[in-house]
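The next block holds one structure in the form of structure tokens; read it before the comments.
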Amino acid sequence: MTTLITLIVAAVTFGTVLMYGTLGEILTEKSGNLNLGVEGIMYMGGAFGLAGAFYYEKAAGGAASGPVAIVIAILAAFAAGMAASAIYSFITITLRANQNVTGLALSIFGTGIGQFVGEFMRVSEKGYVALSNDLKDAFSAAIFPDFLINIPVIGRIFFSHTVFFYLAVLLAVLMYLFLRKTRYGLYLSAVGESPATSDAAGINVAKYKYLATTIGGGISAIGGMVYIMTTAGCVWNHEGLSGVGWLAVALVIFCIWRPLNAIWGSVLFGAMMIMYLRVSIPFIPTEIYKILPYIVTVIVLILTSMKNSRDKQPPASLGNNYFREER
Amino acid sequence: MMSTEARTPMVRLAKRSDMSPRMIWCIRFGSILIALLLGCIPILLTGSNPIAAYEVIVAGSLSRPIYIRQTIRIAIPLLGCALAIAPCFKMRFWNIGAEGQITMGAVFASYFALFWVDRIPHVPLLIVMGIASAIAGGIWALIPAFFKAKWNTNETLFTLMMNYIAIGIVAWLQGGPWEGRKGSQLIPMFNDAARLPEVFRVNCGWIIVLVLAVLMHIYMNKTKQGYEIAVIGDSVNTARYAGMNVGWIMMRTMFISGAISGLVGFIIVSGANYTLYKGVANGVGFTSITVAWLSQLNSFAMIAISMVLAILEKGANTLQTRMQIPASIADIITGILLFCMLSSEFFINYRLIFRRKEEKGKEADA
């Protein structure tokens, strides 16, 4: 039982990282933009988030407060992600370049920038870049009081997580409400399904694509920051972060483009990715666990295309640019 | 009259195809220059002199025969894989699974290199490894193509997932059945008999990919199959009305593409690494997509572009040792280069029509 609870808690920790990456990419893909740069965006978020918190602490000295550092890290990561996806948006929406190629270019660029910033901080600070223990604890602290966490079983499962998890869940719910219940959300979905129709209906297609892609990129970037500040222990760790962005792209498919599915989906994927550390099932090699998320995603992809039910498809214009003149 | 004029936007776009080849090349080279200028920014941030840094990059990759050989070694898989991707992208089949196809090719080549090396002599062994890698890569690519043809499953996402499954399989082999010394997590080095011979002291993979470049050029431009691919790329419906079996052509093209990627995997394990590990493809499958696209899917332009990216990568390693600039600068400059070249195509393909200019045009018509 304790093993199971520990597994769930660890799955949520890693799942939180994925949840941000996925929610951001869902918003992006809803506008019909397939941004394959998530990997690079999350690298940038991680590096700039760490840099934000680190230089804040350096400036504030002993007076540095945890909540302020968290806000600064979130903002720094969000800004980095927005900047990265603004480049992508400009090249694909305004200059009409191929989305796949531009996304891959952003992945190369973003991982380069993330690495560069991480290395640069290490070199310019003459060695180790790390936050003080007080701030580290602030990032990985549980936000609920002890008596809730101490409730047997459910206490740890529901109340022992960091602030980032609850923010991500809130974000997922808000995104669901936005996409399903507000006019602008429906407009956004319409743009992703059929930009030509939306254009004819008087919706500003480019504006929706720009906003969804840049805000989505910002949200994805927060995931990279959360990884560096919680799982990696506030130290730049590019090896741990590599592949997380691609996993988030997979998770978007697994969630069939629905934000609420991202909540349990990311915890499930998180469990699959860390299970090899906690549970060993005889005859199944640990490395095989790690490809489970991808196999499951492929199966979901195949099943949804075979069933061809309308509400479970990718946004119809996903990956295609919209040229009014070529309609 | 007034109202229509008010609705005309400031800038309109129109497709163009009348730009002179000279102008097109001016724009492309201009975009490379702009990229190199933008690349100065991160170099300046580290407090180094950008001109000196670029000099180090060029010197570190081209100034001595040994550097040139190392640069070519980086360019070989990039070129080979870009050639593999070209027919898929021509068909508008977005195969981003080359990374996995390389890896599967490498796995099957390694199987023969590790377990058949005592039973087959040198040259036949290499041929068997090559064929096995091509078939493995081809089949790995065929899976998503089959589902695309049959149920229209999204190929971009499917091929992407296949990459990580392939890499996971290697990770398992590395720590499990093929592990050399227990606990090492490493697959043993290949025997000499399973290594590609060198020509001019670079593994003969460079001859293979150059021959492939010529063959691919002929295939795409002079054969019926190449023509079918081009028609599907322009319009799937046209191809259907013309009686082409689109699903079959997709599967055939993907098999060829995957087979070439698999062969690249064989060249990497047998010509450069002499062993198999999970990072065997090392991002080549992704970078080569940008190589193929920026070359306009032209085989010969790919040779040039893959060399440019190889120079950047090799030069950046020298930069790190000589000027303490992180080698990740190569990825940044590569990214900037790709952004600029992708953007430049816009100015080649579209004409910007400003409002006033258009009115003049109308007067001229009248």
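Every chain is numbered from 1, with letters handed out A, B, ... down the list of sequences.
- Between chain B and the options A:T304, A:L292, A:I87, the largest number of non-hydrogen pairs under 4.5 Å is found for A:I87.
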Stepwise side-chain contact (heavy atoms from CB on, under 4.5 Å) test for A:I295 and B:M161: CA-CA 8 Å; A:I295 293 179; B:M161 296 306 118; over 6 Å; no
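- No part of B:P144 comes within reach of chain A, as not one of its non-hydrogen atoms sits under 4.5 angstrom from that chain.
- Of all heavy-atom pairs spanning B:F339 and A:L106, the tightest one is CZ-CA, 3.7 Å.
- Note: A:S107 OG to B:L338 CG = 11.5 Å, rounded to the nearest 0.5 Å.
- Looking at B:L160, only its side chain comes within 4.5 Å of chain A, counting heavy atoms on both sides.
- Enclosure of atom CZ in A:R258 by more than 12 non-hydrogen atoms of other residues, nucleotides or ligands within 6.0 angstrom is indicated.
- No side-chain heavy atom of A:L247 sits under 4.5 Å from any side-chain heavy atom of B:Y164.
- Among the candidates B:I96, B:N152, B:I329, the residue making the largest number of heavy-atom pairs closer than 4.5 Å to chain A is B:I329.
- Considering only heavy atoms from C-beta on, A:M306 stays 4.5 Å or farther from B:T153 through its side chain.
- With a 4.5 angstrom heavy-atom cutoff, A:L36 touches chain B only via side-chain atoms.
- The contact between B:L45 and chain A is made entirely by backbone atoms, counting heavy-atom distances below 4.5 Å.
- Between B:G335 and A:I108, the shortest heavy-atom distance links the atoms N-CG2, 4.4 Å.
- Considering all non-hydrogen atoms of both residues, A:L95 and B:S343 come closest at CD1-CB, 3.4 Å.
- When each of B:P326, B:A327, B:A330 is checked for heavy-atom pairs under 4.5 Å with chain A, B:P326 comes out on top.
- A:S305 contributes atom OG, which lies 12.0 Å from atom NZ of B:K150 (distance to the nearest 0.5 angstrom).
- A:R96 places a side-chain heavy atom less than 4.5 Å from the side chain of B:Y350.
- Relative orientation of the B:F286 and A:W246 rings is parallel, given thresholds of 30° and 60° on the angle between their planes.
- Contacts of B:T156 with chain A are made by side-chain atoms alone, with heavy-atom separations under 4.5 Å and no backbone atom involved.
- Put simply, CG on B:L157 and CZ on A:F254 are 15.0 Å apart, with the number rounded to the nearest 0.5 Å.
- In this structure, A:T297 OG1 and B:F158 CZ are separated by 11.0 Å, a value rounded to the nearest 0.5 Å.
- Closest approach of B:F346 to A:T94, counting heavy atoms only: CE1-O, 3.6 Å.
- A:I91 contributes atom CD1, which lies 12.0 Å from atom CD of B:E345 (distance to the nearest 0.5 angstrom).
- Scanning all heavy atoms of the two residues, the minimum distance from A:A105 to B:L342 falls at CB-CD1, 4.4 Å.
- Atom CZ of A:F116 and atom CD1 of B:I325 lie 7.0 Å apart (nearest 0.5 Å).
- The shortest heavy-atom contact between A:I291 and B:G168 is CG2-CA, 3.2 Å.
- In this structure, the portions of A:I113 lying under 4.5 Å from any heavy atom of chain B include both its backbone and its side chain.
- Here the side chains of A:N98 and B:W94 are in contact, with some heavy-atom distance below 4.5 Å.
- Heavy atoms of other residues, nucleotides or ligands lying less than 6.0 angstrom from NZ of B:K278 number 12 at most.
- For B:F147, the part sitting under 4.5 Å from any heavy atom of chain A is the side chain, from C-beta outward, and nothing else.
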